[in-house]
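Inspection log for the structure reproduced underneath, given as structure tokens.
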Amino acid sequence: MAHEPIGTLDFHNLGFSYTKTKWNYLSRWRDGKWDDGILRNEDTLTIACTSTCLHYGQEAFEGMKAYRRKDGKIQLFRPDENAKRLQRSCERLLMPPISVERFLQAVTAVVRANAEFVPPHDSGASLYIRPYVLGVGDNMGVRPAKEYLFGVVCTPVGAYFKGGLSPVNFIVTDLDRAAPNGTGQVKVGGNYGASLYPHEAAKEKGFADCIYLDPTTHTKIDEAGSANFFAITRTGKLVTPKSSSILPSITQMSIMEIARRNLGMETAEQDIFIDRLDDYAEAGACGTAAAISPIGGIEYHGKMHVFHSLTEVGPVTKRLYELLTGIQYGDVPAPEGWIFPVDESNSLK
Ligand code: PLP
Ligand code: COI
């Protein structure tokens with residue numbers, strides 16, 4: 001696939017889809033070590049038909065973004081947290097971990113090489129970065145692969161949920177995406193395979209996505225298929241679900257910190273019972289792709305529960321959105337260690 005001539009890209013009207021960029025990174029693990037990796041133009045892979053990533057789900061990935069500052073410079077948001085989470089995902093699936101240094105080197109090399117695809121500051125868009133690890137090579141039995149690929153590919157994106165800062169609605173599904181003590185806490189392909197059916201069913205009914213309940217009791221909110229969940233209590237506390245089957249979200253832990261530091265709010269990880277939604281004044285989905293997306297209402301057992309409003313973002317959600325995106329785009333001072341500048345000279349190419 002030829003990459004889009006950069007002049008024809010409308011950065012102000014991007015959705016969340018793949019536009020081919022110029023360079024991606026690829027490294028191979030063989031005989032007990034990762035090679036140095038290369039930047040390459042080709043955005044396809046040739047792998048064995050019996051690769052474990054294809055049959056047994058031996059695959060993990062990350063999602064992160066590069067943001068254009070007002071002064072034109074590019075920055076990453078807490079990329080060391082993505083690196084550490086990928087290590088935990090690799091460990092869970094018996095894949096060789098990538099060091100934090102190597103991860104950051106590969107990600108920054110890809111961003112630098114594709115700097116022209118990082119959307120302008122005022123576009124509301126960003127460069128989405130997708131690091132991934134795959135088990136490859138001949139393998140028929142259910143056992144870990146003998147070879148692995150670590151790749152990083154990127155694409156410019158706009159809003160994940162179509163509403164942007166206008167609320168979107170969710171519906172509770174009866175299905176589960178991850179088991180307690182399964183793989184819900186890591187970012188592996190199998191969790192997303194399991195989420196495709198309930199997600200499509202939700203979309204067919206006009207909802208942005210579905211909400212999963214805790215798989216053991218089906219009484220408490222877990223998360224959405226592609227984002228974490230948060231709510232603001234009627235007493236002004238920011239709460240997020242406490243669960244062993246959800247992905248530890250970097251966005252969620254960041255907004256908890258922002259709420260405490262910048263807004264003096266109380267925060268807690270706690271049970272959020274699906275039959276107690278009246279306790280909450282506002283709710284939202286949060287994640288790298290989703291940023292902060294206000295939730296207008298949640299349908300559960302045929303009944304729609306409306307939070308703040310179906311059409312207007314609530315005041316606390318709006319403030320959290322402004323602070324989070326302000327930090328990510330370099331307009332609001334960030335807590336120490338959150339921002340990782342990417343200078344545009346490239347050593348790997
Ligand atoms: N939960 C799921 C299932 C996700 O796919 C994501 C997105 O990465 C999140 C939560 C949010 O995580 P983060 O904020 O680290 O992007
Ligand atoms: C992300 O927010 O980075 C995700 O991974 C969510 C989705 C696009 C899979």
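For ligands, and for the atoms within them, numbers begin at 1 and follow the listed sequence. Remember, predicted model here, so these are calculated numbers, not experimental data.
- When Phe61, Tyr128, Phe16 are checked for heavy-atom proximity to atom 1 (C) of ligand 2, Tyr128 turns out nearest.
- For the pair Arg28 and Glu147, the salt-bridge criterion is met [side-chain N within less than 4.0 Å of a carboxylate O].
- From the protein, the heavy atom lying nearest to atom 2 (O) of ligand 2 is Ala289 N, 2.8 Å.
- Listed by number with element, the atoms of ligand 1 under 4.0 Å from a non-hydrogen atom of Glu223 are 1 (N), 2 (C), 3 (C), 10 (C).
- Ion pairing of Glu299 with Lys205 is absent here, as no side-chain N (NZ or NE/NH1/NH2) approaches a carboxylate O to less than 4.0 Å.
- By the criterion of a heavy-atom distance under 4.0 Å, neither the backbone nor the side chain of Glu62 is placed next to ligand 2.
- In terms of polar-atom proximity, defined here as any N/O pair under 3.5 Å, Ile250 does make such a contact with ligand 1.
- If you take CD1 on Ile272 and CD1 on Ile221, they are separated by 6.0 Å, rounding to the nearest 0.5 Å.
- The protein non-hydrogen atom at the shortest distance from atom 5 (O) of ligand 1 is Tyr192 OH, 2.5 Å.
- Proximity of Lys65 to ligand 1, defined as any heavy-atom pair under 4.0 Å, is not found for any part of the residue.
- Using a non-hydrogen distance threshold of 4.0 Å, Gly225 registers as a contact of ligand 1.
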(message) For a ring-ring contact (aromatic ring centres under 6.0 Å, His included) check, start with the C-alpha distance between Phe170 and Tyr300, then their side-chain angles and the critical distance, and finish with the verdict.
(response) CA-CA 9 Å; Phe170 286 67; Tyr300 177 55; over 10 Å; no
(message) For a side-chain contact (heavy atoms from CB on, under 4.5 Å) check, start with the C-alpha distance between Trp338 and Phe77, then their side-chain angles and the critical distance, and finish with the verdict.
(response) CA-CA 6 Å; Trp338 281 20; Phe77 179 71; 3.6 Å; yes
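- Salt bridge status for Lys187 with Glu62: absent, with no side-chain N to carboxylate O gap under 4.0 Å.
- Within the 4.0 Å heavy-atom cutoff, Arg177 counts among the residues contacting ligand 1.
- For Tyr128 and Phe16, the distance between ring centers is under 6.0 angstrom.
- Distances from ligand 1 to the non-hydrogen atoms of Lys187 include at least one value under 4.0 Å.
- Side-chain polar atoms of Thr240 and Glu269 form no donor-acceptor pair below 3.5 angstrom.
- Ligand 2 has no nitrogen or oxygen under 3.5 angstrom from a nitrogen or oxygen of Tyr160.
- Below 4.0 Å from some heavy atom of Gly287 lie the following atoms of ligand 1, by number and element: 11 (C), 14 (O), 16 (O).
- Looking only at protein heavy atoms, the nearest one to atom 6 (C) of ligand 1 is Ser226 O, 3.6 Å.
- Under the 4.0 Å criterion applied to side-chain N and carboxylate O atoms, Lys84 and Glu81 are assigned as salt-bridge partners.
- Using a 4.0 Å cut-off between charged side-chain N and carboxylate O, Arg319 and Glu322 make a salt bridge.
- Heavy atoms of Met253 stay at 4.0 angstrom or farther from ligand 1.
- Ring-plane geometry between Phe229 and Phe307 is classed as tilted, the angle between the planes lying from 30 to 60 degrees on a 0 to 90 degree scale.
- Assignment of Ala227 to the shell around ligand 1 is supported, since a heavy atom sits closer than 4.0 Å.
- By the neighbour-count criterion of 12 heavy atoms within 6.0 Å, atom CZ of Arg276 is sparsely surrounded, having that number or fewer from other residues, nucleotides or ligands.
- For atom 16 (O) of ligand 1, the nearest protein heavy atom (residue, atom name, distance) is Thr288 OG1, 2.6 Å.
- Side chains of Asn139 and His55: no donor on one and acceptor on the other come within 3.5 Å.
- Against a heavy-atom cut-off of under 4.0 Å, Arg130 is close to the following atoms of ligand 2: 5 (O), 8 (C), 9 (C).
- In terms of protein heavy-atom proximity, atom 5 (O) of ligand 2 is nearest to Lys187 NZ, 2.6 Å.
- The existence of a salt bridge linking Arg177 and Glu223 is confirmed by a sub-4.0 Å separation between a basic side-chain nitrogen and an acidic carboxylate oxygen.
- Comparing Ala224, Ser226, Ser195, Ala285 against atom 7 (C) of ligand 2, the shortest heavy-atom distance belongs to Ser226.
- Here Arg85 has side-chain heavy atoms under 4.0 Å from ligand 1, and that is the only part of it that gets that close.
- Proximity of Lys65 to ligand 2, defined as any heavy-atom pair under 4.0 Å, is not found for any part of the residue.
- Protein heavy atom in closest approach to atom 9 (C) of ligand 2: Tyr192 CE2, 3.7 Å.
- Nearest to atom 14 (O) of ligand 1 among the protein's heavy atoms is Thr251 OG1, 2.5 Å.
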